[in-house]
Protein chains: 2
Amino acid sequence: MQTSDLIKNWLEQLQASGYRVTEPRRAIVELVATADHALSPIEIYDSGRREYPRLGLVTVYRTLERLEELGLVQRVHSPDGCHRYLRAFEGHQHLLICTRCGRVEMFAGDDLDPLARRVEQATGYQVEEHWLQLFGVCPLCHA
Amino acid sequence: MQTSDLIKNWLEQLQASGYRVTEPRRAIVELVATADHALSPIEIYDSGRREYPRLGLVTVYRTLERLEELGLVQRVHSPDGCHRYLRAFEGHQHLLICTRCGRVEMFAGDDLDPLARRVEQATGYQVEEHWLQLFGVCPLCHA
DNA sequence: CTATCTGCAAACCGTTTGCAGCGTT
DNA sequence: AACGCTGCAAACGGTTTGCAGATAG
């Protein structure tokens, strides 16, 4: 899908879910849908302001909340605890995250479902979610 | 190792590293070394206060910092972003965490090193750390 | 026209820092 | 006796909430 189509698609999904398509939302969606790395709310706010100067940080948080509800973005947790947001991709993804710049790669990892089921059996837990994340330094930051 | 020995061992390690063994530290170490689940700083503060009422939250943070330096505790990250602390075990562990009460189980997972090396090769990243964590509801919270 | 959305300000929560006095060594 | 440690209070940064005015549908 073309990035412009992606943006249009997100806005349509917002609308279809009863949300309104507004200028600030348009700016935020444009940024997040096309970013190649995970963005923090502040980064979105700063960049978004260049396009739509009246943008407020609160709106960034509220819009991200909506996009997460719709499954369009996912949160990324890092060792530093900083919350970043990344466009969600098809199915469950395993992430490789650059600890310097937040750039994110996806990789096909092991399928963890068998493991999860094994562990459920062994412990009696009901497994609801799993994280498989690698952290490292990307080639660009490394140079 | 007996839990009382474990506590003694931690206090000795503090001392050996040039830190002082004080009443508040003793209370904190006792709690964290023997806990069967990951504790948040506030929980440590509240419980610690029962044993040593003058305990301050700041001291909890500062002591956890020391214990982390010495490799005696490890941070645990959850989807809610809440930081909890767990006694560190031998080698690298994969965790299963109860999202309700913070109880933690360890499990022998796949060895992720081959995967990490494969991903390094494919992406050019230098992989430094990995997380394999499962989240769920433990049998007790589930009932 | 109405209900949602926005931005501001202020509240809020977990964490960190400055500092004067206390307690370990 | 000296220096690290403590607890209080206050600062701090990120996130959330209340509210009156703006705006999409």
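Protein chains get the first letters and strands the later ones, always in sequence-line order, with residue 1 at the start of each.
Closest to the R66(A) side chain, of the nucleotides dC8(C), dT6(D), dC5(C), is dC5(C). Considering only the side chain of R54(B), dG23(C) comes nearest among dT17(D), dG23(C), dC5(C). Across dC8(D), dG25(D), dC5(C), the shortest atom-to-atom separation from the side chain of R49(B) is found for dC8(D). Listed nucleotides dT15(C), dT6(D), dC8(C) differ in distance to Y61(B); the shortest reach to its side chain belongs to dT15(C). In this structure, of dC8(D), dG25(D), dT17(D), it is dC8(D) that holds the atom nearest to the side chain of R62(B). Ranking dC5(D), dG7(C), dT15(C) by closeness to the P41(B) side chain, first place goes to dT15(C). Among dT6(D), dC5(D), dT16(C), the nucleotide with an atom closest to any side-chain atom of R20(B) is dC5(D).
Taking atom CZ on R84(B) and atom P on dT15(C), their separation rounds to 11 Å, with Å as the unit. The distance from atom CZ of R75(A) to atom P of dG14(D) is 15 Å, rounded to the nearest whole Å. Counting to the nearest Å, the P atom of dT4(C) and the CD atom of E65(A) are 16 Å from each other. Taking atom CG of L57(B) as the reference point, atom C1' of dA10(D) lies 14 Å away to the nearest angstrom. Taking atom NE2 of residue H77(B) and atom P of nucleotide dG14(C), one finds them 17 Å apart after rounding to whole Å. The CG-C1' distance, from L11(A) to dC5(C), rounds to 15 Å in whole Å. Rounded to whole Å, atom P of dC5(D) lies 15 Å from atom CG of L64(B). Look at OH on Y45(A): it is 14 Å from P on dT6(C), rounded to the nearest Å.
Mapping Y85(B) and Y19(B) onto DNA chain C by nearest heavy atom places Y85(B) at the nucleotide closer to the 5' end.
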Might you work through the side chain to side chain donor-acceptor pair (under 3.5 Å) test for H142(A) and Q126(B), ending with a clear yes or no?
CA-CA 8 Å; H142(A) 184 232; Q126(B) 234 176 308; 2.5 Å; yes
Chi angles and distances behind the side-chain contact (heavy atoms from CB on, under 4.5 Å) call for D113(B), H130(B):
CA-CA 9 Å; D113(B) 286 340; H130(B) 63 258; 4.2 Å; yes
For Q74(B) and Y85(B): C-alpha separation, side-chain torsions, deciding distance, then whether side chain to side chain donor-acceptor pair (under 3.5 Å) applies.
CA-CA 6 Å; Q74(B) 58 183 309; Y85(B) 290 81; over 6 Å; no
Salt bridge (charged side-chain N to carboxylate O under 4.0 Å, His left out) between R26(A) and E23(A), worked out:
CA-CA 5 Å; R26(A) 209 181 286 275; E23(A) 274 314 299; 3.4 Å; yes
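Checking the phosphate oxygens (OP1, OP2) of dT6(C), a side-chain nitrogen or oxygen of T22(A) falls inside 4.0 Å. Contact annotation: R25(A) side-chain N/O to dT4(C) OP1/OP2 distance is not under 4.0 Å.
With respect to the salt-bridge test (charged N to carboxylate O, under 4.0 angstrom), the residues R84(A) and E43(A) qualify.
Backbone-only engagement by Y52(A) is indicated by non-hydrogen atom pairs under 4.0 Å involving sugar-phosphate atoms exclusively. In this structure, I42(B) reaches neither bases nor backbone, as no heavy-atom distance under 4.0 Å exists between it and the strands shown. At a threshold of 4.0 angstrom between heavy atoms, the contacts of Q15(B) are confined to the sugar-phosphate backbone, with no base atom among them.
Taken from CG in L95(A) to CE in M106(A), the straight-line distance is 6.5 Å, to the nearest 0.5 Å.
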